[in-house]
Amino acid sequence: MTDAPPPPYRWFDLQVERTERISPSLVRVTFGGDRLGDMVTGGRDQRFKLFLPRPGQDAPVLPDDLGPGWYAQWRTQDPAVRAVMRSYTVRELRREPDELDVDFVQHGEHGQHGEHGEHGKGTGHSGPASHWSRTARPGDRVAILGPVAEDNGGVDFQPPAGTDWVLVTADESALPAAAGILSWLPAGTPAKVWIEVAHPGDVQDLPTAADADITWLIRGNAGDRPVLDAVRSAALPSGNPYAWIAGESGTIRALRRHLVGDRGFDRRAVTFTGYWRHGATEEDLLAELG
Ligand SMILES: Cc1cc2nc3c(=O)[nH]c(=O)nc-3n(C[C@H](O)[C@H](O)[C@H](O)COP(=O)(O)OP(=O)(O)OC[C@H]3O[C@@H](n4cnc5c(N)ncnc54)[C@H](O)[C@@H]3O)c2cc1C
């Protein structure tokens with residue numbers, strides 16, 4: 001009998017080192033922690049679970065049992081008390097010192113209950129994670145269920161053998177993942193990339209060795225889907241494509257339909273992930289999964 005392999009994820013108690021408003025829609029929170037040196041990343045769109053305290057709490061209230069049954073226990077904890085659980089992406093994991101950067105979208109910041117923001121481009125309702133990042137201070141405590149093995153099941157960008165070119169679309173929430181994918185792509189890989197953001201100031205440098213054609217699209221009004229319009233009207237390269245598309249669920253569904261239905265992409269060569277959905281919190285989305 002062989003021993004079961006150790007789980008690829010582990011709990012980390014981290015604290016905020018510093019925060020920086022890197023663009024109108026994004027706040028970068030840099031985390032540190034004693035054992036952060038054990039965290040590793042598979043790169044690309046590496047995701048993890050973030051656990052935040054609620055207002056008035058010093059630290060997130062986690063299940064007593066942090067073993068494999070933690071999720072079942074989290075679900076039975078009082079929703080008014082238990083940690084806020086959200087999905088985020090490793091923007092960068094550094095050594096000496098061990099630091100983790102996470103970029104948080106500032107949605108709903110300027111408007112409430114769906115009102116448009118000061119630029120007439122409101123990005124919906126605010127949420128606890130977005131708000132937490134905006135008000136985070138050095139020393140604030142969080143917990144993370146993060147990867148401790150490169151092959152950890154939390155990286156979805158997996159182009160199959162025989163891929164000739166790559167298509168990537170993202171909004172602000174998937175911009176950290178798109179940045180990770182671009183920095184990972186092998187030199188010379190042809191890539192068509194569309195990134196949709198709220199403000200011209202959200203455009204950032206995305207270093208890559210790929211042969212990437214990156215188009216930035218600025219949303220005019222809430223509800224616009226410029227990325228969908230841009231992909232629909234684009235001339236695409238020939239050869240075997242692999243698509244990775246992430247962002248608002250409705251937009252992603254429409255994009256996937258277009259790529260598979262109108263453009264003839266093999267559905268197995270399209271990785272699509274709804275990172276958020278209009279009108280639904282992450283708890284609502286989890287509840288739908290049962
Ligand atoms: C695998 C994965 C990786 C992700 N990585 C990142 C990341 O690195 N950075 C990041 O910022 N987000 C990321 N997200 C998205 C993030 O988890 C959601 O946006 C989440 O809903 C934010 O939680 P919240 O508490 O701020 O809002 P919630 O309480 O979940 O939602 C409150 C309201 O805000 C709306 N809303 C939620 N997100 C957005 C948004 N981005 N724009 C406009 N309205 C929104 C909802 O529709 C809802 O009406 C990722 C999601 C997944 C699945």
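Numbering of ligands and ligand atoms starts at 1, following listing order.
At a 4.0 Å heavy-atom cut-off, ligand 1 touches Ala280 through the backbone alone. The part of His278 lying near ligand 1 is the backbone, judged by heavy-atom distances below 4.0 Å.
Other residues, nucleotides and ligands contribute more than 12 heavy atoms inside 6.0 Å of the CG atom of Asp65. Other residues, nucleotides and ligands place more than 12 heavy atoms under 6.0 Å from the NE2 atom of His258. At most 12 non-hydrogen atoms from other residues, nucleotides or ligands lie less than 6.0 angstrom from CZ of Arg141.
Phe31 has its side chain within reach of Val16: a pair of non-hydrogen atoms, C-beta onward, lies under 4.5 Å apart.
Separation of the Trp70 and Phe51 ring centroids falls under the 6.0 Å cut-off.
Considering both main-chain and side-chain atoms, Arg47 never comes within under 3.5 Å of ligand 1 through any nitrogen or oxygen pair. The shortest N/O to N/O separation between Arg277 and ligand 1 falls below 3.5 Å. Residue Thr273 places no N or O, backbone or side chain, under 3.5 Å from any N or O of ligand 1. Residue Ala129 has at least one N or O atom closer than 3.5 Å to an N or O atom of ligand 1. Backbone and side-chain nitrogen or oxygen atoms of Gly279 are examined, and one is located within less than 3.5 angstrom of a nitrogen or oxygen of ligand 1.
Using modelled atom types and a 3.5 Å distance limit, the side chains of Arg134 and Ser130 yield a donor-acceptor pair. Judged purely by distance below 3.5 Å, without hydrogens or angles, the side chains of Tyr242 and Thr271 pair a donor atom with an acceptor atom. Judged purely by distance below 3.5 Å, without hydrogens or angles, the side chains of Trp132 and Asp140 never pair a donor atom with an acceptor atom.
The closest approach between any non-hydrogen atom of Gly108 and ligand 1 is not below 4.0 Å. Using a 4.0 angstrom heavy-atom cutoff, Ser126 counts as in contact with ligand 1.
Taking a cut-off of under 4.0 Å to the non-hydrogen atoms of Phe104, the atoms of ligand 1 that pass are 11 (O). Against a heavy-atom cut-off of under 4.0 Å, Glu282 is close to the following atoms of ligand 1: 17 (O), 20 (C), 30 (O). Those atoms of ligand 1 with a heavy atom of Pro128 less than 4.0 angstrom away are 25 (O), 29 (O). The distance from ligand 1 to the heavy atoms of Pro176 drops below 4.0 Å at these ligand atoms: 8 (O). Interface atoms of ligand 1 facing Arg86, defined by a heavy-atom separation under 4.0 Å, are 23 (O), 24 (P), 25 (O), 28 (P), 29 (O), 30 (O).
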Residues 155-167, side-chain donor-acceptor partners within the protein, below 3.5 Å, at least two apart:
residue: Asp156; atom: OD1; partner: Arg47; partner atom: NH2; Å: 2.8
residue: Asp156; atom: OD2; partner: Arg47; partner atom: NH2; Å: 3.1
residue: Gln158; atom: NE2; partner: Val155; partner atom: O; Å: 3.0
residue: Thr163; atom: OG1; partner: Pro160; partner atom: O; Å: 2.6
residue: Asp164; atom: OD2; partner: Asn240; partner atom: N; Å: 2.6
residue: Trp165; atom: NE1; partner: Gly239; partner atom: O; Å: 3.4

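Between atom 16 (C) of ligand 1 and the options Ser87, Ser130, Gly180, Ser173, the minimum heavy-atom separation is to Ser87.
Here the straight-line distance linking atom CH2 of Trp276 with atom NE2 of His107 works out to 8.0 Å at 0.5 Å rounding.
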